[in-house]
Protein chains: 2
Amino acid sequence: MDMEESRARLEEARERFVHELTNHIHLYDISGSVGRLYGTILFAENPMTLDEMAEKTGMSKTSMSTGVRALSEANMVEKTWRKGVRKDLYQTDPDWYKAFATVFIKRWAEAAEMNQRALLETKAKLEQLIQEEDLEKEVQEQAAHDLEKLSEAEAFYDWLNEVTNLFESEAIYSIIPKRTKESPLHRKA
Amino acid sequence: MDMEESRARLEEARERFVHELTNHIHLYDISGSVGRLYGTILFAENPMTLDEMAEKTGMSKTSMSTGVRALSEANMVEKTWRKGVRKDLYQTDPDWYKAFATVFIKRWAEAAEMNQRALLETKAKLEQLIQEEDLEKEVQEQAAHDLEKLSEAEAFYDWLNEVTNLFESEAIYSIIPKRTKESPLHRKA
DNA sequence: ATTTTCATACAGTTTTTTCTGTACAAACTT
DNA sequence: AAGTTTGTACAGAAAAAACTGTATGAAAAT
């Protein structure tokens, strides 16, 4: 097998995984092409510079800059440092759990909190309205109906808060323990 | 307080909540305007027809049709039936837990499964490559390095699978019980 | 059987998001 | 101090997503 073929097979193997990554990375609020960037950094032998990324992905350096920032915010890549190298260096963060938890918590905890706040305010307004003396029966009934609806949502948000806490407190790992990777042994044929 | 004012205050109260909903509904892979549609249906006195929705939201009937479909797929609205009414009628599904679980599971379980499959195939290809007789040392080292990276991902996906199972099997509700809504009592002033 | 009513597929338009090239400020080199 | 190199802000271009109006087929009413 010549050099070219073996390189091609290596690329092919990597491509299979990267392609799938790009398909699902939007779950992390990250666009497909930035997902591909992640794959590129993942399989790079060494930490990469923005210029190397641009070279490898065929995209602009500007996009690499914004892409890497998005990946950093999701805890998917981290900045590294190497003596004598002036450019920023990036490599993937090996802790997939952290990335998942970061994104999951950031999204749902914020949504739960804000919705809950809005819900309470709406509830307060409705209750105030209902207590008005000379309220038409129709409006009063609708307000009561609204409160009923909202109490369903309220219960859910309470629950959702506890779920996000489960991840934030890392208690989830007591329930479903982290898997330790099995070190891939070099097997002989 | 006249009729107009009380109606306005009702609308204002509802608007506060709906506005917040639209801000976070994208977590369910649903666009803002469809989120607003959800809010409209939520506070409607009765199940709504597509025409009523179009009227209320000021959008086209076509958008109502596609919007309602998206909401149905997320288990957020359900079709109803009323004697003598030929049009389709929709109302919100009161089970917020189900909507959350549906979306959470659909997204992450699919991602986990597909990524895991790609991962195993990539791993197989790399292992095959490594076992080639006359492989350049450099390629071999890179392939080994890749396998190392992938085993980290593999462990995570195993874990993620268990997490989605937690929701799918409803075991999550043993850990964090559903809250029962407190029936809003009509309080006197 | 004909007509009416309804939901939705589809093509084209509008809006939003993503991407690029230029410009510039900060940090480093000489 | 003057000159490079590097990362990113910003405006405009390109691509993607959302929305609308027309058209059509299915179901109900006449």
Side-chain angles (χ1 to χ4, degrees), chain A residues 18-19 21-41 44 46-74 76-91 107, chain B residues 18 21-41 44 46-74 76-91 103 107:
Chain A
V18 172
H19 178 75
L21 267 184
T22 63
N23 280 345
H24 291 286
I25 199 75
H26 73 275
L27 294 179
Y28 293 82
D29 272 347
I30 283 172
S31 73
S33 50
V34 177
R36 177 156 289 274
L37 169 60
Y38 175 80
T40 304
I41 303 173
N46 298 303
M48 294 181 85
T49 67
L50 293 179
D51 287 315
E52 286 167 349
M53 295 175 204
E55 162 70 22
K56 185 83 180 181
T57 62
M59 289 178 71
S60 74
K61 192 177 175 182
T62 302
S63 292
M64 298 305 99
S65 178
T66 56
V68 157
R69 172 158 50 199
L71 293 170
S72 297
E73 280 168 9
M76 299 178 80
V77 304
E78 52 192 7
K79 204 182 269 197
T80 323
W81 184 85
R82 184 171 292 181
K83 189 179 165 185
V85 178
R86 191 139 76 80
K87 302 184 182 190
D88 292 355
L89 290 170
Y90 295 94
Q91 64 191 12
R107 298 168 129 212
Chain B
V18 173
L21 265 185
T22 62
N23 279 346
H24 291 285
I25 199 75
H26 72 275
L27 294 180
Y28 293 84
D29 273 347
I30 283 172
S31 74
S33 51
V34 177
R36 179 156 287 274
L37 169 61
Y38 175 80
T40 305
I41 304 173
N46 299 303
M48 294 182 86
T49 66
L50 293 179
D51 288 315
E52 288 167 349
M53 295 174 204
E55 163 70 23
K56 185 84 179 180
T57 62
M59 290 178 70
S60 73
K61 193 178 175 181
T62 302
S63 293
M64 299 304 99
S65 178
T66 56
V68 157
R69 172 158 50 202
L71 292 171
S72 297
E73 280 168 10
M76 299 178 81
V77 304
E78 54 193 4
K79 204 182 271 196
T80 322
W81 182 86
R82 183 170 294 181
K83 190 178 164 185
V85 177
R86 192 138 75 79
K87 302 185 183 187
D88 293 354
L89 290 170
Y90 296 93
Q91 64 190 12
V103 170
R107 297 167 129 211

* To do: Could you give me the CA-CA distance, side-chain angles and deciding distance for A/Met53 and A/Thr40, then say whether side chain to side chain contact (heavy atoms under 4.5 Å, CB included) is met?
  => CA-CA 8 Å; A/Met53 295 175 204; A/Thr40 304; 5.8 Å; no

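The footprint of chain A on DNA chain D, defined by a heavy-atom cutoff below 4.0 Å, extends from D/dT5 to D/dC10. Contacts between chain B and DNA chain C, taken as any atom within less than 4.0 angstrom of a protein heavy atom, begin and end at C/dT5 to C/dC10.
Note that the CZ atom of B/Arg36 and the CG atom of B/Leu21 stand 9.5 Å from one another [nearest 0.5 Å]. Considering CD of B/Glu52 and CD1 of B/Ile41, their distance stands at 10.5 Å, rounded to 0.5 Å.
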Please report, to 0.1 Å, the donor-acceptor pairs under 3.5 Å made by any side chain of residues 81-91 of chain A, with sequence neighbours excluded.
| residue | atom | partner | partner atom | Å |
| --- | --- | --- | --- | --- |
| A/Lys87 | NZ | A/Asp51 | OD2 | 2.8 |
| A/Asp88 | OD2 | A/Lys79 | NZ | 3.4 |
| A/Gln91 | NE2 | A/Glu78 | OE2 | 3.3 |

Which donor-acceptor pairs under 3.5 Å do the side chains of residues 63-72 of chain A make with protein atoms, sequence neighbours left out?
| residue | atom | partner | partner atom | Å |
| --- | --- | --- | --- | --- |
| A/Ser63 | OG | A/Ser60 | OG | 3.1 |
| A/Thr66 | OG1 | A/Thr62 | O | 3.4 |
| A/Thr66 | OG1 | A/Ser63 | O | 3.1 |
| A/Ser72 | OG | A/Val68 | O | 2.9 |

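A/Asn23 is linked by a side-chain hydrogen bond (donor to acceptor under 3.5 Å, both in side chains) to nothing, counting only residues two or more places apart in sequence or in another chain. A/Ala74 pairs by the side-chain contact (heavy atoms from CB on, under 4.5 Å) definition with A/Ile30, A/Met76, A/Val103, not counting sequence neighbours.
The stretch residues 48-63 of chain B touches DNA chain D through B/Met59, B/Ser60, B/Thr62, B/Ser63, each having a heavy atom under 4.0 angstrom from the strand.
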